[in-house]
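What follows is one structure encoded as structure tokens, with my remarks underneath.
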Amino acid sequence: MTKKMCVVGLGYIGLPTAVMFADHGFNVLGVDINEEAVNKLNNKQLHIEEPGLQERLEATVDKGLFRASTVPETADVYILAVPSPINEDKTANLDYVRAAAESIVPFLQKGNLVILESTVPPRTVEDVLIPVLKKSNLHIGEELFVSHSPERVIPGKLFEELVNNDRIVGGINAQSTELTVQLYKTFVKGTIHKTDATTAELVKVMENTYRDVNIALANELAQIGEKLGVNIWEAIQLANYHPRVNIHYPGPGVGGHCIAVDPWFIVEQAPDLAKLILLSRNINDHMPDYVVDKVRQLASILGIEDPKIAVWGLSFKGNIDDMRGTPSMEVIKGLERQGYAYTVFDPHIRENKVPNQTQSVEDSVNGADFILVLTDHDYYKAVDVQKLKGLMRHAHVVDTRNLLNRDEWKAAGFVHFRLGDSKNTDIDQQVVEEVAVASK
């Protein structure tokens, strides 16, 4: 008999996970409170973007192995893959986790397995999830098995990483762990590592905290590099040739559902100890303001009053449509505080999500003084640079991602600035002279 699974939460993690299990023979019910998303999925239409997802969705719906609903049903396995954001005060918001657990309690039966995939603060399984599941009157660990197996995938390569990445499984007891391991062995080719639930929770937030701290180092070095007359992108590349060095690259801030959020879970648990983690969070959260201030400085030095900015990029990383936690929103707010006119263009965001959003690259630059690159979409590398220059009032580009070919843009008449690079694009009299020539 085909095992039945219920996946609660059909976002960027839950939906691909549900479709993956359905693709491997499970009868999967996907549950989400978003009725519009549920209706679209049942009609084989996506509400998120992920390579390979459309084909898998169509195949599993046609085979009758996947369908969506706004309410759970009885099943053998329940996977909770709901958001775990932070509140205004940077504390963990676990309302979605509680609500998801409450929603499945009426359907739980003896022998069921409940897996929390959401990234959560340590002890969430013990202190939040289990107290809710006890309302089923099933004996936890003997009649109802519970574990935490956090997702470890990156949008854009999700299916590849679901299969090939190592996975952490932490059960509340040995039997819960083993049942979960056997479940994920259905498609996971990477090594599955066993531990307890609280350790698994900490491991996940440690992974993203490591990346956040590393990015903070890169962002701090970018600012230092600008002061010293160095191209920090070149310097980091050279430093990384050392066999034991792996410095990340700078940018306009940190976004996504994990890296900009998870370190706060540790800070909340141990605020007196998490000093480096807190400092790193503050550095990365400050980067959107640093970028806006850089634009303000350039406009002032170049004598451009009331500049108009063409913002390129809304999603938090390249070639996806995921805007969760994107630093672009903070940059836009900073531009508004400065009173600057701006347009926004992102080829992956097909519906207007922010004021002044355009749906063509030409409309975005029309009459603009600066192009501000915030997301490293491949699309931007293939634009007709010469055509864009003819549409702009002043041809300046500020690249926070080291995405664009500087020589190509300069050859087309653009003055090119790059975050963390004052070796090639110093703000001095030479640049002012280049601007005067390029703007004629």
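The shown structure was predicted, so the numbers you read here are calculated from the model rather than taken from an experiment. When reading the values below, keep in mind they use all heavy atoms of this one structure, side chains included, and skip hydrogens, waters and symmetry mates. Nothing fancy with the numbering, it's 1 onward along the sequence.
Rounded to the nearest 0.5 angstrom, Asn231 CG and Asn402 CG are separated by 7.0 Å. Within the model, atoms OH of Tyr210 and CD1 of Ile215 stand 10.0 Å from one another, a figure rounded to the nearest 0.5 Å. Atom CD of Glu151 sits about 4.0 Å away from atom NZ of Lys204, to the nearest 0.5 Å. Here the CD1-CG distance, from Ile332 to Asn356, works out to 9.0 Å after rounding to the nearest 0.5 Å. Taking CD1 of Ile172 as the start and CD1 of Ile130 as the end, the distance is 4.5 Å to the nearest 0.5 Å. Note that CG of Leu116 and CG of Leu129 are 6.0 Å apart. Values are rounded to the nearest 0.5 Å.
Nearest heavy atoms, Gly14 versus Val7: O-CG1, 3.7 Å. Smallest separation of non-hydrogen atoms from Leu162 and Pro16: CD1-O, 4.2 Å. When every heavy atom of Glu201 is checked against every heavy atom of Val125, the shortest pair comes out as OE2-N, 2.8 Å. The shortest non-hydrogen separation linking Pro72 to Cys6 is CB-SG, 3.9 Å. Closest approach of His377 to Pro347, counting heavy atoms only: CD2-CD, 3.8 Å. When all heavy atoms of Ser422 and Gly225 are compared, the closest pair comes out as OG-O, 3.3 Å.
For the pair Lys423 and Leu228, the minimum side-chain heavy-atom distance is 4.5 Å or more. Between Val213 and Leu217 there is no side-chain heavy-atom pair separated by less than 4.5 Å. No side-chain heavy atom of Val203 sits under 4.5 Å from any side-chain heavy atom of Thr195. Considering only heavy atoms from C-beta on, Lys381 comes within 4.5 Å of Leu403 through its side chain. Looking at His47 and Glu36, their side chains never come closer than 4.5 Å, going by heavy atoms from C-beta outward. In this structure, the side chains of Leu41 and Asp32 stay at 4.5 Å or more apart for every pair of heavy atoms. Between Tyr184 and Ile115 the shortest side-chain heavy-atom distance falls below 4.5 Å. The shortest side-chain heavy-atom distance between Leu15 and Phe66 falls under the 4.5 Å cut-off.
Heavy-atom neighbours of Ile33 CD1 from other residues, nucleotides or ligands within 6.0 Å: at or below the threshold of 12. A 6.0 Å sphere centred on CZ of Phe107 holds more than 12 heavy atoms belonging to other residues, nucleotides or ligands. Arg324 CZ: more than 12 foreign heavy atoms inside a 6.0 Å radius. Counting non-hydrogen atoms of other residues, nucleotides and ligands closer than 6.0 Å to NE2 of His139 gives a total of 12 or fewer. Counting non-hydrogen atoms of neighbouring residues, nucleotides and ligands closer than 6.0 angstrom, the CD atom of Glu102 exceeds 12 such neighbours.
Checked by atom type and distance alone, the side chain of Arg406 pairs as donor or acceptor with a backbone atom of Asn424 at under 3.5 Å. Panel note: side chain Ser176, backbone Phe145; no donor-acceptor pair is recorded below 3.5 Å. When atom types are taken as modelled, the side chain of Arg281 and the backbone of Trp264 share no donor-acceptor pair closer than 3.5 angstrom. Of the possible polar contacts, none joining the Asp262 side chain to the Asn208 backbone as a donor-acceptor pair under 3.5 Å is found. In this structure a side-chain-to-backbone donor-acceptor pair under 3.5 Å is present from Asn42 to Ala68. Asp399 contributes no side-chain N or O that, together with a main-chain N or O of Val373, makes up a donor-acceptor pair within less than 3.5 Å. The main-chain N or O of Val19 is never found under 3.5 Å from a side-chain atom of Thr60 such that the two would form a donor-acceptor pair. Glu117 contributes no side-chain N or O that, together with a main-chain N or O of Pro150, makes up a donor-acceptor pair within less than 3.5 Å. A donor-acceptor pair under 3.5 Å is formed between the side chain of Asp376 and the backbone N or O of Gly318. A donor-acceptor pair under 3.5 Å is absent between the side-chain atoms of Asn87 and the main chain of Asp89, judged by distance alone.
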Evaluate Phe159 against Val163 for side chain to side chain contact (heavy atoms under 4.5 Å, CB included), listing each step before the verdict.
CA-CA 6 Å; Phe159 286 108; Val163 172; 5.9 Å; no
> What do the steps show when you test Asn112 against Leu138 for side chain to side chain contact (heavy atoms under 4.5 Å, CB included), and what is the final call?
Replying inline: CA-CA 10 Å; Asn112 281 173; Leu138 296 171; 5.7 Å; no
Problem set entry | Intermediate values then yes/no, side chain to side chain contact (heavy atoms under 4.5 Å, CB included), Lys157 and Asn165 | CA-CA 11 Å; Lys157 296 183 178 178; Asn165 286 2; over 6 Å; no
Report task. Would you sort out whether Lys333 and Glu330 count as a salt bridge (Lys or Arg N to Asp or Glu O under 4.0 Å), showing the intermediate values? Result -> CA-CA 5 Å; Lys333 291 176 185 176; Glu330 297 306 313; 3.3 Å; yes
| task | Check step by step if salt bridge (Lys or Arg N to Asp or Glu O under 4.0 Å) holds for Asp76 and Lys3. | result | CA-CA 6 Å; Asp76 302 297; Lys3 271 197 171 185; over 6 Å; no
From CA spacing to verdict: salt bridge (Lys or Arg N to Asp or Glu O under 4.0 Å), Glu50, Arg56:
CA-CA 11 Å; Glu50 177 64 36; Arg56 290 174 187 265; over 6 Å; no
Item checked: Trace of the side chain to side chain contact (heavy atoms under 4.5 Å, CB included) decision for Val82 with Val97 -> CA-CA 6 Å; Val82 293; Val97 173; 4.1 Å; yes
Full working for salt bridge (Lys or Arg N to Asp or Glu O under 4.0 Å) between Arg296 and Asp293: CA-CA 5 Å; Arg296 182 192 61 77; Asp293 194 54; 2.8 Å; yes
(message) Between Asn352 and Gln359, is the side chain to side chain donor-acceptor pair (under 3.5 Å) condition met? List the steps.
(response) CA-CA 8 Å; Asn352 288 354; Gln359 289 299 326; 2.9 Å; yes
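Taking the six-membered ring where tryptophan is involved, the planes of Phe417 and His396 are perpendicular, since the angle between them exceeds 60° and thus also 30°.
No side-chain donor-acceptor contact under 3.5 Å links Asp212 and Thr209. Looking at Gln357 and Asp346, their side chains never bring a donor and an acceptor atom within 3.5 Å of each other. Between the side chains of Thr119 and His257, not a single donor N or O lies within less than 3.5 Å of an accepting N or O.
The ring of Tyr379 has its center closer than 6.0 angstrom to the ring center of Phe345.
A salt bridge links Arg337 and Asp289; the closest N-O separation between the charged side-chain nitrogens and carboxylate oxygens is under 4.0 Å. Salt bridge Asp321/Arg350: absent, no basic N to carboxylate O contact under 4.0 Å. A salt bridge does not link Lys387 to Asp384: none of the charged nitrogens lies less than 4.0 Å from a carboxylate oxygen.
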